[in-house]
**Student:** 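Here it is, the structure, as structure tokens.
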Number of protein chains: 2
Amino acid sequence: MNAPEYTSLQKKKLREVIFGLEDDLQLARMAEIFQCFADPTRLKIINSLLISELCVYDLTVVLQMSQPAVSHHLKHLRQIRLVKTRRKGQSILYSLDDDHIRQLFDICRTHLDETDESDHSQYFPGRQP
Amino acid sequence: MNAPEYTSLQKKKLREVIFGLEDDLQLARMAEIFQCFADPTRLKIINSLLISELCVYDLTVVLQMSQPAVSHHLKHLRQIRLVKTRRKGQSILYSLDDDHIRQLFDICRTHLDETDESDHSQYFPGRQP
DNA sequence: ACATTTTATAAGCATTTGCTTATATGTAAA
DNA sequence: TTTACATATAAGCAAATGCTTATAAAATGT
């Protein structure tokens with residue numbers, strides 16, 4: 001009849017977890033940053049800019065996609081301030097703002113490489129394991 | 001009348017960029033990992049599991065959300081293999097699989113902290129600067 | 001065996017996302 | 001100024017996302 005109860009030890013653990021959490025605003029802002037990395041096209045843009053400063057048209061060539069699509073993704077990255085821009089003639093050159101982006105990219109790649117190494121039943125995107 | 005042309009130097013730069021890119025499958029898999037971090041609720045789950053191993057019901061308490069919602073997010077994290085599970089009685093305990101997750105989380109938080117430091121016109125999620 | 005607890009899954013839905021086409025803005029060259 | 005080029009923005013749409021309610025499955029207790 002009664003609701004399930006926690007022991008005092010379990011309650012303590014939960015209190016510690018709740019206390020240790022980042023606040024919701026910080027988590028929302030972090031999620032926004034990760035969202036920039038969470039789309040294959042945007043990730044390819046980031047990957048490209050990790051290699052070289054590029055203008056919008058360069059990116060359309062590299063990514064083989066339409067200019068408005070590229071611009072939209074760049075706008076997204078601009079709003080989260082992951083990229084900075086400078087004008088050069090008629091073009092606008094995009095580059096990455098700081099080294100954390102490279103670190104995030106590298107750690108993720110390393111993670112995949114290492115898990116592939118130890119676990120050969122690797123899954124593929126969009127499919128069930 | 002002619003299409004805009006690249007100089008050979010510019011062509012070289014683009015070839016280098018294209019050559020330096022991760023392949024599309026790798027980028028898609030990386031994007032899937034980042035997608036796990038790209039939702040505030042999932043990020044809060046990750047944040048919680050960084051602090052302690054927890055069962056599903058614990059997470060419903062910590063997150064203040066419904067059990068199916070939590071289970072759905074956990075399924076997502078399981079499919080990408082960011083979490084591992086073990087049974088303990090009726091409960092299933094979730095924990096994080098390796099240290100890269102902590103690194104990604106920490107770097108992102110550091111990035112936000114440092115950009116806030118140097119740039120006081122901080123934006124807020126879901127709003128225009 | 002039956003009821004309880006815990007977790008997983010399914011179906012439905014409103015919202016968001018990422019692209020498209022069309023158009024506007026801004027810069028440089030003729 | 002007029003023309004061309006480079007980028008940004010707007011409107012619209014199909015697909016994906018994250019939640020809800022309802023139900024199933026698995027383990028434990030009576």
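Order of the sequence lines sets the chain letters (A, B, ...), proteins ahead of strands, with each chain counted from 1. Predicted model only: the values in this text are computed from it and were never measured.
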**Student:** Output yes when at least one side-chain N/O atom of Tyr94(B) is less than 4.0 Å from OP1 or OP2 of dA8(C), else no.
**Tutor:**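 True: Tyr94(B) side-chain N/O within range (under 4.0 Å) of dA8(C) OP1/OP2.
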**Student:** Heavy atoms under 4.0 Å, any strand shown: does Ser71(A) hit a base, just sugar-phosphate, or nothing?
**Tutor:**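 The residue Ser71(A) makes base contact.
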**Student:** His72(B) NE2 to dT23(D) C1': how many Å, rounded?
**Tutor:**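 Taking atom C1' of dT23(D) as the reference, NE2 of His72(B) is at 13 Å.
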**Student:** Is the phosphate of dT17(D), meaning OP1 or OP2, less than 4.0 Å from a side-chain N or O of Gln35(B)?
**Tutor:**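 For dT17(D), OP1 or OP2 has a side-chain N or O of Gln35(B) closer than 4.0 Å.
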**Student:** Rounded to the Å, how far apart are Leu77(A) CG and dT7(D) C1'?
**Tutor:**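 Rounded to the whole Å, the gap is 16 Å.
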**Student:** With the side chain of Val56(A) defined as its heavy atoms from C-beta on, choose the nearest nucleotide among dG18(D), dA8(D), dT7(C).
**Tutor:**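 From the listed options, dA8(D) comes nearest.
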**Student:** Arg86(B) has an atom CZ; how far is it from atom P of dA27(D), in whole Å?
**Tutor:**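 About 16 Å, once rounded to whole Å.
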**Student:** With DNA chain C as reference, determine whether Leu93(B) or His76(A) sits nearer its 5' end, using the nearest nucleotide of each.
**Tutor:**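 Going by which nucleotide is closer to the 5' end, it is Leu93(B).
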**Student:** Calculate the interatomic distance between Leu54(B) atom CG and dT6(C) atom P; express it in whole Å.
**Tutor:**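 Taking CG of Leu54(B) and P of dT6(C), I get 15 Å after rounding.
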**Student:** Would you call the rings of Phe37(A) and Phe34(B) parallel, tilted or perpendicular, taking 30° and 60° as the class edges?
**Tutor:**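 The arrangement is tilted - the two ring planes meet at 30° to 60°.
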**Student:** Given atom CD of Gln79(A) and atom C1' of dG18(C), what is their separation to the nearest angstrom?
**Tutor:**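 After rounding, the reported distance stands at 14 Å.
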**Student:** Nearest to the side chain of Pro68(B), heavy atoms from C-beta on, is which of dA10(C), dT7(D), dG18(D)?
**Tutor:**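 Ranking dA10(C), dT7(D), dG18(D) by closest atom to the Pro68(B) side chain puts dA10(C) first.
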**Student:** Using the salt bridge (Lys or Arg N to Asp or Glu O under 4.0 Å) definition, which of the options Lys84(B), Lys88(B), Arg86(B) pairs with Glu53(B)?
**Tutor:**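 With Glu53(B) as partner, salt bridge (Lys or Arg N to Asp or Glu O under 4.0 Å) holds for just one option, Arg86(B).
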**Student:** Classify the side chain of Gln67(A) versus the base of dA8(D) as yes if they form a donor-acceptor pair under 3.5 Å and no if they do not.
**Tutor:**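 Side chain to base: pair present.
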**Student:** Without swapping roles, check the side chain of Arg87(B) against the backbone of Gly89(B) for a donor-acceptor pair under 3.5 Å.
**Tutor:**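 Side chain of Arg87(B) to backbone of Gly89(B), a donor-acceptor pair under 3.5 Å: yes, one is there.
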**Student:** For Cys55(B) and Lys88(A), take the nucleotide of DNA chain C holding the closest heavy atom to each; which residue's nucleotide lies nearer the 5' end?
**Tutor:**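 Whichever sits nearer the 5' end wins; that is Cys55(B).
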**Student:** Side chains of Thr110(A) and Glu114(A): any donor to acceptor distance under 3.5 Å?
**Tutor:**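 Absent: no donor and acceptor within the cut-off.
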**Student:** Atom CD of Gln90(B) to atom C1' of dA27(D): distance rounded to whole Å?
**Tutor:**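 In whole Å, dA27(D) C1' and Gln90(B) CD are 6 Å from each other.
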**Student:** Atom CZ of Arg42(B) and atom P of dA16(D): how far apart are they, to the nearest Å?
**Tutor:**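 Taking atom P of dA16(D) as the reference, CZ of Arg42(B) is at 15 Å.
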**Student:** Starting at CD1 of Ile92(A) and ending at C1' of dA8(D), how long is that distance when rounded to a whole Å?
**Tutor:**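 The distance from CD1 of Ile92(A) to C1' of dA8(D) comes to 8 Å, rounded to the nearest Å.
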**Student:** Where the side chain of Lys75(A) is concerned, which of dA8(C), dA6(D), dT9(D) is the nearest nucleotide?
**Tutor:**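 Nucleotide nearest to Lys75(A)'s side chain: dT9(D).
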**Student:** Distance check: side-chain N/O of Ser91(B) vs OP1/OP2 of dT6(C), anything under 4.0 Å?
**Tutor:**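 The answer is no; no side-chain N or O of Ser91(B) sits under 4.0 Å from OP1 or OP2.
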**Student:** Measuring only between side-chain heavy atoms, which start at C-beta, is Leu59(A) closer than 4.5 Å to Ser48(A)?
**Tutor:**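 When only atoms from C-beta onward are counted, Ser48(A) and Leu59(A) do touch, with a gap below 4.5 Å.
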**Student:** Would you say Arg87(B) reaches dT7(C)'s phosphate, i.e. side-chain N/O to OP1/OP2 under 4.0 Å?
**Tutor:**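 False: Arg87(B) side-chain N/O out of range (4.0 Å or more) of dT7(C) OP1/OP2.
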